[in-house]
Undergrad: 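Have a look at the structure that comes next, please.
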Amino acid sequence: MGEFSLRDLTAPILVAPMAGGPSTPELAAAGSEAGGLGFVAAGYLSADAFAQRLAATRKLTTQPIGVNLFAPQPSAVQPGDIDRYIAALSSEVQRYGVDLGEPKFNDDDWAAKLDVVLDLRPEVVSFTFGAPSAEETARLKAAGITTVATVTTLAEAREAVGRGVDALAVQGPDAGGHRGTYDPAARPATQPLDELLTGVLAATEVPVVAAGGLMTAEDVGRVLDAGAAAAQLGTAFLLADEAGSSPVHRAALQDPAFTETVVTKAFSGRYARGLRNRFIDEHDAQAPLGYPEVHYRLFMIEGVERSAAVGL
């Protein structure tokens, strides 16, 4: 196992990685300085930009820090699906006066970001959308880096442990932002976090972090009492001074007009939880599964409408 253990935290709280803006060096450093573990979110960044953010975080704290990478997945998009969705969104393009991006599939600079991690050596690296290979896990562990795989089912937990990861982040169905489901074409699991946590703890021997819908001290205490080594919170920190949440996003989170959250694929082509709004109501049924192609096609619309999407 890596030199760092989640059980060493004086405050068993992980400030969840939130790609796309909310995660900043300042937020990650503040989480670690408080005795928890802050994360640098590498998603959507180039490898160079990721390295710069990790280095900036190192300058702000001497405490352990974590990073999060998107694990590569195959595309789930079907021929013609994106073009049909774009045609259905013509009124939105006119509404916002934006030019759409180009659909593209990539692995989010996976190999280059692994090299950054091995070079700069944060204490912890976690993974979303899948687990690293056994060989990649071994390289990271040999460098003294603790590896954490995000899982949403017991089957995913067993797969990740089989690849040698040091710990698991068990994500329940109430999580904000993208679900970490390994199969990009699968509807996300709905098993409650408490049940999933109990099952994973019984079936594995690695430290487990509980995540998904945790907001209060009582929530944290409940999962710790159940056997979790720590709790991971994301949405709870979106309004922190150090967070990079946009002004529109911050306003939406405090707007009493938004009364519920919903899981949607309308923004990115992958299931994610956000505040329910008009765009989701009108377009979720039309949206295809096709991440990251839909994400790159719609990022201009997403930048406006995602004000109501928690932690995308």
Undergrad: How far apart are the C-alpha atoms of Leu193 and Leu214, what are their side-chain angles, what is the distance that settles it, and do they pass the side chain to side chain contact (heavy atoms under 4.5 Å, CB included) test?
TA: CA-CA 10 Å; Leu193 173 61; Leu214 305 178; 3.9 Å; yes
Undergrad: Does any non-hydrogen side-chain atom of Ile13 lie less than 4.5 Å from one of Leu9?
TA: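 Side-chain contact under 4.5 Å: no.
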Undergrad: Do Trp110 and Pro132 make a side-chain contact, defined as non-hydrogen atoms from C-beta onward lying under 4.5 Å apart?
TA: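 A side-chain contact under 4.5 Å exists here.
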Undergrad: Between Arg163 and Thr137, is a side-chain hydrogen bond (donor to acceptor under 3.5 Å, both in side chains) present by the stated rule, with each step listed?
TA: CA-CA 7 Å; Arg163 297 186 188 187; Thr137 303; over 6 Å; no
Undergrad: Verify the distance criterion only: is there a donor paired with an acceptor across the side chains of Thr152 and Gln171 at less than 3.5 Å?
TA: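 Per modelled atom types, Thr152 and Gln171 side chains form no pair under 3.5 Å.
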Undergrad: Is the side chain of Lys265 donor-acceptor paired with the backbone N or O of Pro288 at a distance under 3.5 Å, no angle test?
TA: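 No; zero donor-acceptor contacts below 3.5 Å.
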Undergrad: Any side-chain heavy atom of Leu168 sitting closer than 4.5 Å to one from Val200?
TA: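 They are in side-chain contact.
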Undergrad: Between CG of Leu154 and CD of Glu159, what distance do you get to the nearest 0.5 Å?
TA: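 The CG atom of Leu154 sits 12.0 Å away from the CD atom of Glu159.
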Undergrad: Can you tell me if Asp109 uses its side chain to pair, donor with acceptor, with the backbone of Ala112 under 3.5 Å?
TA: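 Looks like no, no N/O pair under 3.5 Å.
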Undergrad: Between CG of Leu37 and OG of Ser32, what distance do you get to the nearest 0.5 Å?
TA: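 Here the interatomic distance stands at 5.0 Å.
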Undergrad: Assess the residue pair Ile65 and Arg58 against the criterion (side chain to side chain contact (heavy atoms under 4.5 Å, CB included)); give the C-alpha distance rounded to whole Å, side-chain angles, the decisive distance to 0.1 Å, and a yes or no.
TA: CA-CA 8 Å; Ile65 53 178; Arg58 275 287 188 219; 3.6 Å; yes
Undergrad: For Tyr182 and Ala160, which heavy atoms make the closest approach, and how far apart are they?
TA: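 That closest heavy-atom pairing would be OH-CB, 3.8 Å.
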Undergrad: Where do Asp108 and Lys113 land on the side chain to side chain contact (heavy atoms under 4.5 Å, CB included) test, with the steps shown first?
TA: CA-CA 8 Å; Asp108 203 52; Lys113 287 177 180 176; 2.9 Å; yes
Undergrad: Verify whether the ring centers belonging to Tyr44 and Phe70 lie closer than 6.0 Å.
TA: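 For Tyr44 and Phe70, the ring centres are under 6.0 Å apart.
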Undergrad: Nearest 0.5 Å please: distance from the OG atom of Ser126 over to the CD atom of Gln232.
TA: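 The CD atom of Gln232 is 6.5 Å from OG of Ser126, to the nearest 0.5 Å.
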Undergrad: Please determine if Glu136 and Arg139 form a salt bridge, counting it only when a charged side-chain N lies under 4.0 Å from a carboxylate O.
TA: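 Arg139 and Glu136: not salt-bridged.
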Undergrad: Give a yes or no answer on whether the side chain of Arg53 reaches the backbone of Phe50 with a donor-acceptor pair at less than 3.5 Å.
TA: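 The answer is no, because no donor-acceptor pair under 3.5 Å joins these two groups.
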Undergrad: Does the side chain to side chain contact (heavy atoms under 4.5 Å, CB included) test come out yes or no for Leu14 and Leu233, once each step is laid out?
TA: CA-CA 6 Å; Leu14 277 60; Leu233 286 68; over 6 Å; no
Undergrad: Between the side chains of Asp219 and Thr216, does any donor sit under 3.5 Å from an acceptor?
TA: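 Short answer, yes.
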Undergrad: How many angstroms lie between NE2 in His249 and CG in Leu239, if you round to the nearest 0.5 Å?
TA: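 So the NE2 of His249 and the CG of Leu239 are separated by 8.0 Å.
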Undergrad: Checking side-chain polar atoms at under 3.5 Å, does Ser245 have a donor or acceptor matched by the opposite partner on Arg250?
TA: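 Not at all, the side chains of Ser245 and Arg250 share no donor-acceptor pair under 3.5 Å.
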Undergrad: Got Tyr85 and His283 here, is their nearest side-chain heavy-atom distance under 4.5 Å?
TA: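 Tyr85 vs His283: side chains touch.
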Undergrad: Ion pair present between Arg278 and Asp281, side-chain N to carboxylate O less than 4.0 angstrom?
TA: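 No, this pair does not count.
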Undergrad: Between atom CD of Glu293 and atom OG of Ser268, what is the distance when rounded to the nearest 0.5 Å?
TA: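 If we round to the nearest 0.5 Å, Glu293:CD and Ser268:OG are 11.0 Å apart.
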Undergrad: Where do Leu27 and Pro22 come nearest, in terms of heavy atoms and distance?
TA: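 What the structure gives for the nearest pair is CD2-O, 3.7 Å.
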Undergrad: Taking the side chain as everything from C-beta on, heavy atoms only, tell me whether Glu205 gets closer than 4.5 Å to Val161.
TA: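 Glu205 does not reach Val161 side chain to side chain.
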Undergrad: Can we call the ring centroids of Tyr291 and Tyr271 under 6.0 Å apart?
TA: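 Between Tyr291 and Tyr271, the centre distance exceeds or equals 6.0 Å.
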Undergrad: Would you say the side chains of Arg270 and Gln73 form a donor-acceptor pair under 3.5 Å?
TA: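 A pair is found: one side chain offers a donor N or O, the other an acceptor, under 3.5 Å apart.
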Undergrad: Quick one: salt bridge (Lys or Arg N to Asp or Glu O under 4.0 Å) pairs with a partner in residues 171-197, sequence neighbours left out?
TA: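 As it turns out, the salt bridge (Lys or Arg N to Asp or Glu O under 4.0 Å) pairs with a partner in residues 171-197, which skip direct neighbours, are Asp194-Arg222.
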Undergrad: Are Leu54 and Pro122 side-chain neighbours, meaning at least one heavy-atom pair lies under 4.5 Å?
TA: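 The answer is yes, as the side chains (C-beta and beyond) meet within the 4.5 Å cut-off.
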Undergrad: How about Val165 and Val148: do any of their side-chain heavy atoms sit closer than 4.5 Å?
TA: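 Val165 vs Val148: side chains apart.
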Undergrad: Quickly, which of Thr235, Leu238, Thr24, Asn68 forms a side chain to side chain contact (heavy atoms under 4.5 Å, CB included) with Met18? Name it, please.
TA: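 Exactly one option meets the side chain to side chain contact (heavy atoms under 4.5 Å, CB included) with Met18, and it is Leu238.
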Undergrad: Does the ring center of Tyr296 lie less than 6.0 Å from the ring center of Phe105?
TA: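 That pair fails the under 6.0 Å test.
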Undergrad: Heavy atoms only: give me the nearest Thr57-Ala29 pair and the separation to one decimal.
TA: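 Scanning both residues completely, I find the closest heavy atoms to be CG2-N, 4.1 Å.
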Undergrad: Quick one: CZ on Phe127 to OG1 on Thr147, what's the gap to the nearest 0.5 Å?
TA: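 Phe127 CZ to Thr147 OG1: 6.5 Å, rounded to 0.5 Å.
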Undergrad: Measure the shortest side-chain to side-chain distance between Leu114 and Leu69 over non-hydrogen atoms and say whether it is less than 4.5 angstrom.
TA: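 Of all side-chain heavy-atom pairs linking Leu69 with Leu114, at least one is under 4.5 Å.
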Undergrad: Can you name the nearest heavy-atom pair linking Val124 to Phe39, along with the distance?
TA: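 Looks like CG1-CZ, 4.1 Å.
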